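No experiment lies behind these values; they were computed from the predicted model shown.
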Amino acid sequence: MSLCGALSVFAAPVASAQPRLSGPATEFTVLARDWSSVAAAQQAVRDAGGTIVSTNTAVGLITASAPANGFTERVSGNRAVFGAAKAKPIGSAPKDGAPKTKPDAVEKEGQGSGKAAPTASARRANPVKTDPLDEQLWGQKAVRADLAHTVTKGSKKVKVGIIDTGVDGTHPDIAPNFDRADSRNFTKDIPSDVNGTVVDGPCEFRGCVDPVDHDDNGHGTHVAGIIGAALNDFGVSGVAPDVSLVNIRAGQDAGFFFLQPAVDALTYAGDAGIDVVNMSFYVDPWLYNCTANPADTPAQQAEQRTIIEALTRAMNYAHGKGVTQVVALGNQHDELAAPHDDVTSPDFPSNSTHPRKVDNASCFSLPVEGPNAIGVGSFGPTQAKADYSNYGTERISVSAPGGYFRDGYGTPWFRTLQNEILSTYPKNVGLAAGTIDAAGNITPAGVTAGIQKDTAADGRVGYYQWLQGTSMAAPHATGVAALIISRYGKPSRGGFGMDPAAVKRVLEGTASQIACPVPRTVDYLKEGRDASFTATCLGDPAFNGFYGHGSVDAYAAVTHGAEFVRP
């Protein structure tokens with residue numbers, strides 16, 4: 001069932017007696033019925049007792065503040081309004097305690113394993129120019145990025161948007177390619193949630209808005225390095241080391257991604273002439289947004305319908321403006337055509353989760369199940385599907401190296417950090433985590449976590465960490481997409497670009513086919529996983545549920561992609 005079809009059965013709510021407004025000031029998102037109803041929806045917000053904070057006219061999504069209780073019922077009764085959702089509290093101070101960070105156990109599985117990574121390798125001549133730590137980048141070799149660089153390293157004309165937790169634009173491997181002028185931060189730090197649980201914690205910068213070259217999480221910087229770390233005889237190099245990296249921040253310090261920043265980031269990408277965006281996240285608080293799940297309250301159902309419709313509009317808008325959208329397939333080891341029960345939603349605010357059965361026809365994980373998404377699955381160094389990676393022929397497009405800590409069972413590589421993906425790490429995150437000390441040295445905890453350091457001849461210092469996930473697979477594909485646009489793009493929209501449909505054809509058409517394993521069902525039991533991880537690969541070498549059209553191949557894309565540019 002299409003997203004639009006899933007939503008069309010719901011008529012506008014019928015107006016009723018106005019409920020009383022009460023509670024602390026809270027931020028809401030209100031979606032206009034359609035593009036012609038934005039002004040009427042803004043008036044509906046005011047009539048319902050709210051104050052307009054901002055409006056994204058491209059999608060019709062309004063941010064408003066109002067008392068916590070009664071506002072959504074009031075505003076949703078207006079026929080100009082598609083739906084409304086509570087976003088977050090305003091101005092609350094955190095209680096003492098550890099931050100409520102979004103769980104990242106999959107991505108950091110290897111950290112603390114006791115099997116530390118080697119130190120920086122010695123600089124030496126290479127037949128194909130690489131950076132000092134590149135010998136550890138098995139993922140770059142798997143997609144043949146080093147060979148692709150003999151043809152093109154990318155073009156500064158190509159702008160790659162990282163819609164993530166931010167990008168450390170001061171990192172020595174990021175700074176040469178960082179486009180500060182076009183970078184934007186669409187988030188504001190949330191000190192705590194409505195229950196007083198710490199989220200982002202105290203604001204580090206005035207106004208609670210981080211600078212555009214800052215990342216307090218590390219996820220976005222890691223993604224950016226995989227895509228476009230500079231090839232500069234320092235640290236690591238990216239798949240497309242000469243493209244422009246644009247921070248389009250939509251994620252909180254804690255790792256949550258909420259509706260309004262995600263929508264704003266996508267529409268900005270379209271308006272700013274961004275060529276390709278990487279989206280290694282799902283929109284919180286729902287892992288799966290269901291149109292009418294019986295386990296949810298009517299207000300929660302309306303909230304999810306609003307998220308589905310708003311993201312659908314934003315993704316269509318960006319696509320129409322020429323933005324290629326590469327999306328991580330997800331780390332829930334789900335067959336996306338028949339997902340497991342959702343036991344993690346809503347994940348915000350704290351203490352609100354309840355279990356739900358997921359109906360594939362009416363529940364969607366976004367943005368990967370949105371329109372125009374290029375879904376990317378993850379594999380490890382042996383090309384085995386990573387145990388955590390979502391899969392299935394319904395949503396996968398291609399696969400890429402994402403790391404797999406438990407790859408290589410029965411060999412010395414099993415459960416080693418070197419099975420994961422090494423990329424850029426912000427120093428400020430390491431200082432906060434205790435992996436780097438005040439003098440810039442890697443601490444014992446940092447050694448155990450596999451943190452690495454490289455120092456240039458001029459004294460510049462960069463840090464690197466190992467992570468795994470479809471979040472790491474997607475940027476490998478994004479980097480290849482950026483090379484494709486660099487190689488085959490044309491002047492457009494006053495800049496440089498390429499039709500997203502053509503980019504997808506080249507990406508899929510030049511992918512290196514990988515057949516399903518024999519036997520087709522993989523249980524992961526010997527790797528220490530339970531039966532819920534068991535996965536069956538459907539399809540043939542040309543297209544299957546574990547690998548899609550195959551592994552992205554940078555060299556094939558830049559040498560043989562021309563035949564796929566035209567349909």
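Remark: the backbone N or O of Ala457 is not paired with any side-chain donor or acceptor of Arg460 at under 3.5 angstrom. With hydrogens and angles disregarded, a donor-acceptor distance shorter than 3.5 Å links the side chain of Thr443 to the backbone of Gly446. The backbone N or O of Ala328 lies less than 3.5 Å from no partner atom in the side chain of Thr470, so there is not a single donor-acceptor pair. No donor-acceptor pair under 3.5 Å is formed between the side chain of His476 and the backbone N or O of Ser551. Checked by atom type and distance alone, the side chain of Trp138 pairs as donor or acceptor with a backbone atom of Glu420 at under 3.5 Å. Formation of a donor-acceptor pair under 3.5 Å by the Trp466 side chain with backbone atoms of Ala449 is not found in this model. The closest donor-acceptor contact from the side chain of Gln136 to the backbone of Leu422 lies at 3.5 Å or more, if one exists at all. Remark: side-chain polar atoms of Thr324 are not paired, donor with acceptor, to backbone N or O of Val276 under 3.5 angstrom. Within the 3.5 Å criterion, the main-chain N or O of Gly235 finds a donor-acceptor partner in the side chain of Asp454. Checking side-chain atoms of Tyr463 against main-chain N and O of Gly440 turns up a donor-acceptor pair under 3.5 Å.
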| message | Does Gln468 form a side-chain contact (heavy atoms from CB on, under 4.5 Å) with Tyr388? I'd like the steps, not just the answer. | response | CA-CA 10 Å; Gln468 67 171 6; Tyr388 56 79; 3.7 Å; yes
| Going through the checks in order, is the side-chain contact (heavy atoms from CB on, under 4.5 Å) test met by Phe348 and Val199? | CA-CA 10 Å; Phe348 189 92; Val199 182; 3.7 Å; yes
| Where do Asp253 and Asp210 land on the side-chain contact (heavy atoms from CB on, under 4.5 Å) test, with the steps shown first? | CA-CA 9 Å; Asp253 290 348; Asp210 295 344; 3.2 Å; yes
| Check against side-chain contact (heavy atoms from CB on, under 4.5 Å), Lys427 and Thr170 | CA-CA 10 Å; Lys427 181 180 179 181; Thr170 68; over 6 Å; no
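Applying the 6.0 Å contact sphere to CZ of Phe186 captures more than 12 heavy atoms from other residues, nucleotides or ligands. Counting non-hydrogen atoms of other residues, nucleotides and ligands closer than 6.0 Å to NZ of Lys157 gives a total of 12 or fewer.
Summarising the geometry, atom OG1 belonging to Thr187 is positioned 3.5 Å from atom CZ belonging to Arg249; distances are rounded to the nearest 0.5 Å. The distance from the CZ atom of Phe205 to the NZ atom of Lys188 is 15.0 Å, given to the nearest 0.5 Å. The distance from atom CD of Gln325 to atom CE of Met279, rounded to the nearest 0.5 Å, is 4.5 Å. Summarising the geometry, atom CZ belonging to Phe82 is positioned 12.0 Å from atom OG belonging to Ser37; distances are rounded to the nearest 0.5 Å. Distance OG/Ser423 to CE/Met472: 8.0 Å, rounded to 0.5 Å. The NE2 atom of His149 sits 6.0 Å away from the CG atom of Leu483 when rounded to the nearest 0.5 Å.
A side-chain N or O of Asp200 and one of Gln252 form a donor-acceptor pair less than 3.5 Å apart. Side-chain contact check for Glu508 and Ser397: at least one donor-acceptor pair (N or O, by modelled atom type) lies under 3.5 Å. Side-chain contact, Gln465 with Gln111: a donor N or O sits under 3.5 Å from an acceptor N or O. One side chain, Asp271 or Tyr317, offers a donor N or O that lies under 3.5 Å from an acceptor on the other. In summary, the side chains of Thr267 and Asn56 do present a donor paired with an acceptor at a separation below 3.5 Å, with no hydrogens or angles considered. Using modelled atom types, one finds no donor on one side chain facing an acceptor on the other under 3.5 Å when comparing Asp179 with Ser244. Between the side chains of Asp134 and Ser237, at least one donor-acceptor pair of N or O atoms lies under 3.5 Å.
The side-chain heavy atoms of His214 and Asn428, taken from C-beta on, include a pair separated by under 4.5 Å. The closest side-chain heavy-atom distance from Met498 to Asp275 is not below 4.5 Å. Between Pro211 and Asn185 the shortest side-chain heavy-atom distance does not fall below 4.5 Å.
The shortest heavy-atom contact between Lys156 and Asp242 is NZ-O, 3.1 Å. Considering every non-hydrogen atom in both Pro285 and Ile307, the closest pair reads CD-CD1, 4.4 Å. Minimum interatomic distance between Leu266 and Ala318 (heavy atoms only, all atoms of both residues): O-CB, 3.7 Å. The two atoms that bring Asp233 and Pro132 nearest to each other are C-CD, 3.6 Å, heavy atoms only. Taking both residues in full, the closest heavy atoms of Asn232 and Pro176 are given as ND2-CG, 4.2 Å, listed atom of the first, atom of the second, then distance. Thr510 approaches Gly561 most closely through the heavy-atom pair CG2-CA, 3.9 Å.
Look at Arg313 and Glu309 and you find a salt bridge, because one of the NZ, NE, NH1 or NH2 atoms lies within 4.0 Å of a carboxylate O, short of that distance.
Within the structure, every pair that satisfies the side chain to side chain donor-acceptor pair (under 3.5 Å) test and touches residues 158-167, not counting sequence neighbours, is listed here: Lys159-Asp182, Asp164-His219, Thr165-Asp215.
Not less than 6.0 angstrom separates the ring centroid of Phe234 from the ring centroid of His171.
The side-chain hydrogen bond (donor to acceptor under 3.5 Å, both in side chains) with Tyr425 is formed by just one residue from the set Thr221, Asp168, Thr435; it is Thr435. Looking at Val277, Ile227, Ile274, Asn247 one by one, the single match for side chain to side chain contact (heavy atoms under 4.5 Å, CB included) with Ile162 turns out to be Ile227.
Partners of Asp553 according to the salt bridge (Lys or Arg N to Asp or Glu O under 4.0 Å) rule, which considers only residues two or more places apart in sequence or in another chain, are Arg144.
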